[in-house]
Amino acid sequence: MKRIALFLVFALMHSWATAASGPVTLTLWNSDSDSTKNVQINAKCGLFYLSPDRVAVYFDIGPAHSKGDLTISTEEDEFRILVVNGSGQVLARESVYGHPGAIDIRPGPGNGLMVGKAGSLSFYDADLHIKRSLPLRHNVLGLSYERRWNQLVITYNDDATHTRTVKFYDGDSLQVLDAFTIPEVARFVPGDRQVAVTASGDCKRSAQVLSHQRSWDALKGLPICDTYVFLGYDTLAYSFKGHLIVVDHLGHQLLSRSLPALATQEFQGMGYLFEFPNVSDDGSRIAFTNTDATAVLDLKSGEEVFRYSAKEPRSLIAIRPALSPDGKHLAVIDTGTLILSSVP
């Protein structure tokens, strides 16, 4: 009965339009719905594409009181996961439970997703059927899955040495492919069995790429200290003083263009502080966001091909948008509504 009730709630809240008439929309939560009125907008709400025509959405609907017939810990919240197609139809839904500060919901192998929490990592398929679960060590800090390279990345903390170990696993066999040790306070972005790392200090001396496959020494001295992401196995994009710059591992600059200010006038003084939510699987398109707008840039032409402006200032900060694997769609959660837009 509970699943039927939830289905009716989302059926009543569901609205969509064809691509020809505008973006597809689906109301996820609002204050008038008993099942979603307590949604907690925090770092554990988000969305990501499972495949070009399926997007997964998850959000914290508040403290969980029961799981079926079992009473669960009062410290756990209920996280609702939905899989939505390009027409705005909810194809699958599931609830998982965990402490808000100790649960990760991420893309996973096989166009599915994974849920990591204290002591366990579970893999789900695209219909939210659980496929397998594995134990997690107590010192796991975070995990991610890199679909472009079919690699699972798990970060472990070592209190004794004040370092972290970043391990890469094959997405199918879960065999260890590579591992790197980085400073405890460093920021890093994973690539294809390599990590770009930045530490505090002089911007031009803070970045390095750790790889056992190729040398990135030519990048030493470049101001890679703001936002950065791997576009391919040997190319890196980063933002610096309002510019997007793309370089290869030999230090050749492949692209440099100014990025339009996406912030409202109120927040212009904060600088650019761009985030890169996603890169298309072929590395040809990149989506970036700042405060209240998201833009998609075509890296072949260097031109902005699409922009989404938020309904309210700063409404995109809590949940960053997602670009589809083929770069042709952008998914945004804005003031409780999922918005699926086609990108030219």
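On a predicted model such as this, the values are computed, not experimentally measured, just so you know.
Annotation: the span from D158 atom CG to N139 atom CG amounts to 7.5 Å, rounded to 0.5 Å. We find the CG-CG distance between L50 and N85 to be 12.0 Å, quoted to the nearest 0.5 Å. Taking OG of S122 as the start and CD1 of I105 as the end, the distance is 11.0 Å to the nearest 0.5 Å. Rounding to the nearest 0.5 Å places CD1 of I245 at 8.0 Å from CG of L222. Rounding to the nearest 0.5 Å gives a distance of 10.0 Å between CD of E304 and OG of S258. In this structure, OH on Y228 lies 9.0 Å from CZ on F188, to the nearest 0.5 angstrom.
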Start with the C-alpha distance between V332 and T289, add both sets of side-chain angles, then the distance that settles side chain to side chain contact (heavy atoms under 4.5 Å, CB included), and finish with yes or no. CA-CA 11 Å; V332 172; T289 189; over 6 Å; no

Decide yes or no on side chain to side chain contact (heavy atoms under 4.5 Å, CB included) for D159 and E184, but give the supporting numbers first. CA-CA 9 Å; D159 291 329; E184 187 177 42; 4.2 Å; yes

Mind running side chain to side chain contact (heavy atoms under 4.5 Å, CB included) on L297 and R257 for me, showing each step along the way? CA-CA 10 Å; L297 189 71; R257 64 147 289 165; 3.2 Å; yes

Side chain to side chain contact (heavy atoms under 4.5 Å, CB included) between V153 and V166: does it pass, once the steps are laid out? CA-CA 7 Å; V153 183; V166 182; 3.6 Å; yes

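The shortest side-chain heavy-atom distance between R132 and L174 falls under the 4.5 Å cut-off. Between Y238 and V246 the shortest side-chain heavy-atom distance does not fall below 4.5 Å. Taking the side chain as every heavy atom from C-beta outward, Y58 and V115 never approach each other to under 4.5 Å. Using a 4.5 Å heavy-atom cutoff, the side chains of V296 and Y308 are not in contact. Between Q151 and L177, some side-chain heavy-atom pair lies under the 4.5 Å cut-off. Side-chain contact check for I154 versus R137: every heavy-atom pair is 4.5 Å or farther apart. Side chains of L299 and S284 form no contact here, defined as non-hydrogen atoms less than 4.5 Å apart. Residues E94 and L113 have side chains not in contact (no heavy-atom distance under 4.5 Å, counting atoms from C-beta outward).
Test I130, I103, L128 against V96 for side-chain contact (heavy atoms from CB on, under 4.5 Å) and you get one pass: I103.
Listed here is the closest heavy atom pair of P190 and E146: CG-OE2, 3.5 Å. Closest approach of V197 and A186 over heavy atoms only: CG1-CB, 3.6 Å. For H249 against L219, the heavy-atom pair with the smallest separation is O-CD1, 4.0 Å. In this structure, L250 and A218 approach most closely via the heavy-atom pair O-CB, 3.1 Å. Shown here for R148 and L231, the closest heavy-atom pair between the two residues is NH1-O, 3.2 Å. Between V195 and F168, the shortest heavy-atom contact is CG1-CZ, 3.6 Å.
Put simply, V209 and F240 are part of the same group of oily side chains (I, L, V, M, F, W, Y) that touch within less than 4.5 Å, one to the next. Using a 4.5 Å cut-off between side-chain heavy atoms of Ile, Leu, Val, Met, Phe, Trp and Tyr, with links allowed through other members, F123 and V140 fall into the same hydrophobic cluster. Residue Y145 is not grouped with residue W149 when hydrophobic side chains (ILVMFWY) are merged at heavy-atom distances under 4.5 angstrom, including chains of intermediate members. In terms of hydrophobic clustering, with Ile, Leu, Val, Met, Phe, Trp and Tyr side chains grouped at heavy-atom distances under 4.5 Å, L152 and Y156 are assigned to a common cluster. Criterion: ILVMFWY side-chain heavy atoms under 4.5 Å apart, direct or through other members. Under it, L236 and I182 are not part of a common hydrophobic cluster.
Using cut-offs of 30° and 60° for the angle between ring planes, the F230 and W216 rings count as perpendicular.
Judged by distance alone, with hydrogens and angles left aside, the side-chain atoms of S95 form no donor-acceptor pair with the main-chain N or O of E78 at under 3.5 Å. In terms of modelled atom types and a separation under 3.5 Å, the side chain of R193 and the main chain of D178 share no donor-acceptor contact. S239 places no side-chain N or O within donor-acceptor distance of the main-chain N or O of H243, the cut-off being under 3.5 Å. Side chain of S87 to backbone of Q89: no donor-acceptor contact under 3.5 angstrom is found.
With salt bridges taken as basic N to acidic carboxylate O contacts below 4.0 Å, none links D326 and K328.
Neither side chain, N278 nor Y49, offers a donor N or O lying under 3.5 Å from an acceptor on the other.
No more than 12 heavy atoms of other residues, nucleotides or ligands sit less than 6.0 Å from atom OH of Y233.
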